[in-house]
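Heads up: numbering here begins at 1 and tracks the sequence.
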Amino acid sequence: MNKAITDGIVLMPLPFSAGLGVWSRGDGTPGSDTYATSTSATFVSADQDFGGCLELQKTSSTTQLRYMGETPILPGCYLRVTAKIKAIAGPLPSVRIAAYAGAAAGGEASGLTTSSTATALTAYGDIVEISAIVGTGNRTGVDMVWPTAAYGHFGIDLTGTSGGVVRIDDLIIEDITSAFLGDMLAVVDVRDYGAIGDGVTDDSAAFEAADSAANGRRVLVSEGTYFMGSDVSIQSRIDFVGTVTQGDEERFILQKEFDYQTYVDAFGDEELAFRKAYQALINFADHESLDLNGRRINLTAPVDMQAADPRRTVYATRRVIRNGQLRPVDGAAWDTTEVTSAATYSSSNSKQLTNVSNIANIPVGSLVEGAGVGREVYVSAVNVGQKIVTLSQPLYDAVGTQSYTFKRFKYLLDFSGYSSLSQFVLDDIEFQCEGEASGIMIAPAGLTFHVRDCFMTKPKDRGITSIGRGCQGMMIDRCQLISNEQALTVSERKTVAFNSNANDVKVRDNRVALFKHFCVMGGTGNLINGNHWFHGDTETNSVRQGGIILTKPNCMTAITGNYIDNNYIEMSNEHDETPALGTQLSFGGLTLTGNVFTALGAASWFNFIVVKPHGAGHFIHGLSVTGNVFRAINGNIDRIDAVDTTFAALDPTRMRTIHFSNNTFNGVNEPVYNPLHLSYTQGSVAKSWTIDTGSYLPFEGQARFVESVIAEGAIQDSSNNTVYDMPYFDGNQASDKQSIRLTFSKSVKGKVRVMTRMDNPT
């Protein structure tokens, strides 16, 4: 590229033969004295070396010669100024290229280098060539770096002893940009627009100026370290040889080259690059996703996602991070922080601990442990001044003052610094936790956090943690979560794949292996479809834990088409500050349809469905268990259902709308049905027939109602006469209330089919 050729720009000064009225004795600006009438300068038309030339006598300490024409200084254009000179008489001076730098607005552009290194003349008649390069970029070989100049008045200075006479050939100014950039049509260098690259000078304006001038070309960040003291947004495609440094609050947005690898090139550090790329993602509307380019990012500490952009605490626009791997680097940054503090709990402020000692040391996101604390209760907020800790869930039996333990696990991606985060997606990411770190901590509030097609491998403590209601509408789709506790027995495991506190969580088509719990769900309206979670071990007659723990009694949850392997579904109310039944809803709202339940080597007392009331008076209203397969292998189990009475029993007299039907039982000693179809034969005549339902009703419930009675063959009296009477029934018979009684108008015998149930169907 040559501006004289491509743009017709005139760079060369007029020759001396054109007259000395355009050659200044001063700085070259309009109005300065010229050599046209000076007795110290004359034009020589026939010099044996130069032809026409200027003969000049040095008459002052610095004798100046400047061309009064304005030579333009253009970004990205580099000029070489050359002069040939010889001494012919008197003292021998030194000579240098020199110039006046003019600003675009008029006047001198201050603070710029305006001369080259001086060269001493050492002999008469010897031709000495001096030159200097001037341009806007701070490049090696550029003598005068002029990022703020618009034009120049170029010439030479004679320095040293006065009185000497020299002859000067015509001054040459030429475009040598090609010596610096091989292809100026394709690349614009930030140094050409004033970038210094010393890691201290603020180069923000130079970057944006280069971007503005690129006009479809690529921007080049040459070697150096470029400090950005303000937000910078680059619209052009960009290449990095040098690197960028910037504070946490300033944003560096690459609109065309927006992917993780480009940010690695820009910042030279993969952790910093990830934070800055994420910062750009949530501050630029044209990109909905950050591509990690399939790269593995080694993290030396948890990534505080909110701290990556400290100016934002709320975000609610859909954004995606996808296609990469995250891995912790061993170190103390992943160690669990554990704090023990005394605090007071009251059921009237069900999600608060008050008068908390040592509160300044309790991190947001800590797991809370203590007497009367349910599973997966976390610290959502900390008010140090008021000594109040806000909890993700109420406590079921902790009224009063006691000591609590707060454990803060460390997560690869930690969103807990946000007050609210919505519509955020993690897609096709492998979380290689390696037993060193946990996976993801969600913000305390927000909507529709989505994790899809991800692998969560060997989390240290937790896979995905919700510390508040940021899991409202959360979706977990087509992921694999593999525990770090595979070698441990079930009773030794402590890790949880995920938890939720809010409603409308969708969990679909995931594979989950060998955690203590698949999930603890504290909200309602959940859909759990097409998953396979297995949590067994190689022990015989081994303990099994809950796979899904539903902690809202009326959970409004559908669990459909899953493979539920060596664990059980538990309905609990441990996140209720008043767990005894009062005005709240009791257990119910659960549908189990089309699932495959399997137990391998489990103890005979293992059950697939467990209800665990934490307070008295509860019952079940609305439970449908239909079309499932229940199978025990390597040893039968007694039954599929049970009530855990550790804290309280269910009230069997209030059961309503419970359906156990069309299920398949293998290796189960006592299948359960509701309604229960029985065939009963009365061999001797009796007016009242007592029919025992055994243990076939769910949760070993009472035989409360008979829906139908039909004779199988004739009902006969003692004389074998057929009797056409319709009996009436009485439920809750015998000491265990698991029998019904049919009463006829007279003593009869025969065989009947009876459909009875342990609940009120309406």
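- Other residues, nucleotides and ligands contribute only 12 or fewer heavy atoms inside 6.0 Å of the NZ atom of Lys387.
- Of the charged side-chain nitrogens involved, at least one lies within less than 4.0 Å of a carboxylate oxygen, so that Asp291 and Arg322 count as a salt-bridged pair.
- For the atom pair Thr457 OG1 and Leu481 CG, the distance stands at 8.5 Å (nearest 0.5 Å).
- For the 3.5 Å distance criterion, the side chains of Lys516 and Ser483 fail to qualify, holding no donor opposite an acceptor.
- A salt bridge is defined here as a Lys NZ or Arg NE, NH1 or NH2 lying under 4.0 Å from an Asp or Glu carboxylate O, and Lys458 with Glu436 fails to meet this definition.
- Tyr278 and Phe274 have parallel rings, their planes meeting at less than 30° on a 0 to 90° scale where 60° marks the start of perpendicular.
- Rounding to the nearest 0.5 angstrom, the gap separating the CZ atom in Phe647 from the CG atom in Asp397 is 7.5 Å.
- With a 6.0 Å radius and a threshold of 12 heavy atoms from other residues, nucleotides or ligands, Glu223 has its CD atom at or below the threshold.
- Inter-residue side-chain proximity for Arg452 and Met475 is flagged as unmet; no heavy-atom pair is nearer than 4.5 Å.
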Next on the checklist: For a side chain to side chain donor-acceptor pair (under 3.5 Å) check, start with the C-alpha distance between Thr465 and Tyr411, then their side-chain angles and the critical distance, and finish with the verdict.
Outcome noted: CA-CA 9 Å; Thr465 294; Tyr411 295 77; 2.7 Å; yes
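- Checking Ser572 against Thr551 by side-chain atom types alone, no donor-acceptor pair falls below 3.5 Å.
- Side chain to side chain, His450 and Asp477 meet the donor-acceptor criterion of an N or O pair below 3.5 Å.
- A salt bridge between Arg251 and Asp309 is present, with a side-chain N of the basic residue lying under 4.0 Å from a carboxylate O of the acidic one.
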Next on the checklist: Let's go through Phe415 and Phe449 carefully: what are the C-alpha distance in whole Å and the side-chain angles of both, what is the deciding distance for ring pair (Phe, Tyr, Trp, His ring centres under 6.0 Å) to 0.1 Å, and is it a yes or a no?
Outcome noted: CA-CA 11 Å; Phe415 295 90; Phe449 193 90; 5.6 Å; yes
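- For Ser422 and Tyr315, the side-chain atoms include no donor-acceptor pair closer than 3.5 Å.
- A donor and an acceptor atom, one from each side chain of Tyr404 and Gln402, are located under 3.5 Å apart.
- Taken from OH in Tyr345 to CD in Glu577, the straight-line distance is 5.5 Å, to the nearest 0.5 Å.
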Item to check | Worked check of side chain to side chain donor-acceptor pair (under 3.5 Å) between Ser204 and Ser230 | outcome: CA-CA 6 Å; Ser204 303; Ser230 60; 3.3 Å; yes
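- Among all heavy-atom pairs drawn from Ala316 and Gln423, the shortest one is O-NE2, 2.8 Å.
- Of the options Thr524, Asp504, Asn503, a side chain to side chain contact (heavy atoms under 4.5 Å, CB included) to Met556 is made by Thr524 and by none of the others.
- Here the shortest heavy-atom pairing between Leu412 and Leu299 reads O-CD1, 3.9 Å.
- Pairing each heavy atom of Phe608 with each of Arg631, the nearest pair is CZ-O, 3.8 Å.
- Side chains of Gln246 and Lys276: a donor on one and an acceptor on the other come within 3.5 Å.
- For Arg318 and Glu288, the salt-bridge test passes: some basic side-chain N is under 4.0 Å from an acidic carboxylate O.
- Ser491 and Thr489 share a donor-acceptor pair across their side chains, judged by distance under 3.5 Å alone.
- The distance from the OG1 atom of Thr557 to the CG atom of Leu590 is 6.5 Å, given to the nearest 0.5 Å.
- Between Asn531 and Arg508, the closest heavy-atom pair is OD1-C, 3.3 Å.
- Note that the CD atom of Gln432 and the CD1 atom of Ile297 stand 11.0 Å from one another [nearest 0.5 Å].
- Under 3.5 Å, the side chains of Thr598 and Asp565 contain no donor-acceptor pair of N or O atoms.
- Of the candidates Lys612, His614, Lys552, Arg375, Arg375 is the only one forming a side chain to side chain donor-acceptor pair (under 3.5 Å) with Glu574.
- In the model, Gln279 has no side-chain atom that pairs as donor or acceptor with a side-chain atom of Asn283 under 3.5 Å.
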Next on the checklist: I'd like to know whether Asn628 forms a side chain to side chain donor-acceptor pair (under 3.5 Å) with Asn595, so could you lay out the CA-CA distance, the side-chain angles of the two residues, the decisive distance to 0.1 Å, and finally the verdict.
Outcome noted: CA-CA 5 Å; Asn628 303 283; Asn595 302 286; 3.0 Å; yes
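- Checking side-chain atoms of Asp461 against main-chain N and O of Ser438 turns up no donor-acceptor pair under 3.5 Å.
- A distance of 14.0 Å separates CH2 of Trp533 from CZ of Arg511, quoted to the nearest 0.5 Å.
- Inspection of the Ser233 and Gln255 side chains reveals an N or O donor paired with an N or O acceptor under 3.5 Å.
- No side-chain donor-acceptor contact under 3.5 Å links Thr262 and Asp265.
- Heavy atoms only, all atoms of each residue included: Ala280 and Ile253 are closest at CB-CG1, 4.0 Å.
- Side-chain contact check for Asn566 and Arg544: at least one donor-acceptor pair (N or O, by modelled atom type) lies under 3.5 Å.
- A donor and an acceptor atom, one from each side chain of Thr448 and Gln472, are nowhere located under 3.5 Å apart.
- Tyr568 has its ring centre no less than 6.0 Å from the ring centre of Phe597.
- Distance alone, capped at 3.5 Å, places no donor-acceptor pair between the Asp414 side chain and the Val303 backbone.
- A donor-acceptor contact closer than 3.5 angstrom is absent between the side chains of Ser466 and Asn499.
- No hydrogens or angles considered: a donor-acceptor pair under 3.5 Å links the side chains of Gln393 and Asn501.
- Enclosure of atom NZ in Lys407 is not indicated, since only 12 or fewer non-hydrogen atoms of other residues, nucleotides or ligands lie within 6.0 angstrom.
- A side-chain donor-acceptor contact under 3.5 Å links Arg295 and Gln261.
- Defined by atom type and a distance below 3.5 Å, a donor-acceptor pair is present between the side-chain atoms of Ser416 and Arg408.
- A salt bridge is absent between Asp269 and Arg275; no separation between the charged side-chain nitrogens and carboxylate oxygens falls under 4.0 Å.
- Not less than 6.0 angstrom separates the ring centroid of Phe455 from the ring centroid of Phe431.
- Ile476 is listed as a side-chain neighbour of Ile464, based on a closest heavy-atom distance under 4.5 Å.
- In terms of heavy-atom proximity, Phe515 sits nearest to Val496 at CD2-C, 3.8 Å.
- For the residue pair Ser542 and Asp537, a side-chain donor N or O sits within less than 3.5 Å of a side-chain acceptor on the partner.
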Next on the checklist: Could you go through Asp231 and Arg311, starting from their C-alpha distance and side-chain angles, then the distance that decides it, and tell me whether this counts as salt bridge (Lys or Arg N to Asp or Glu O under 4.0 Å)?
Outcome noted: CA-CA 12 Å; Asp231 294 346; Arg311 287 184 269 175; 2.8 Å; yes
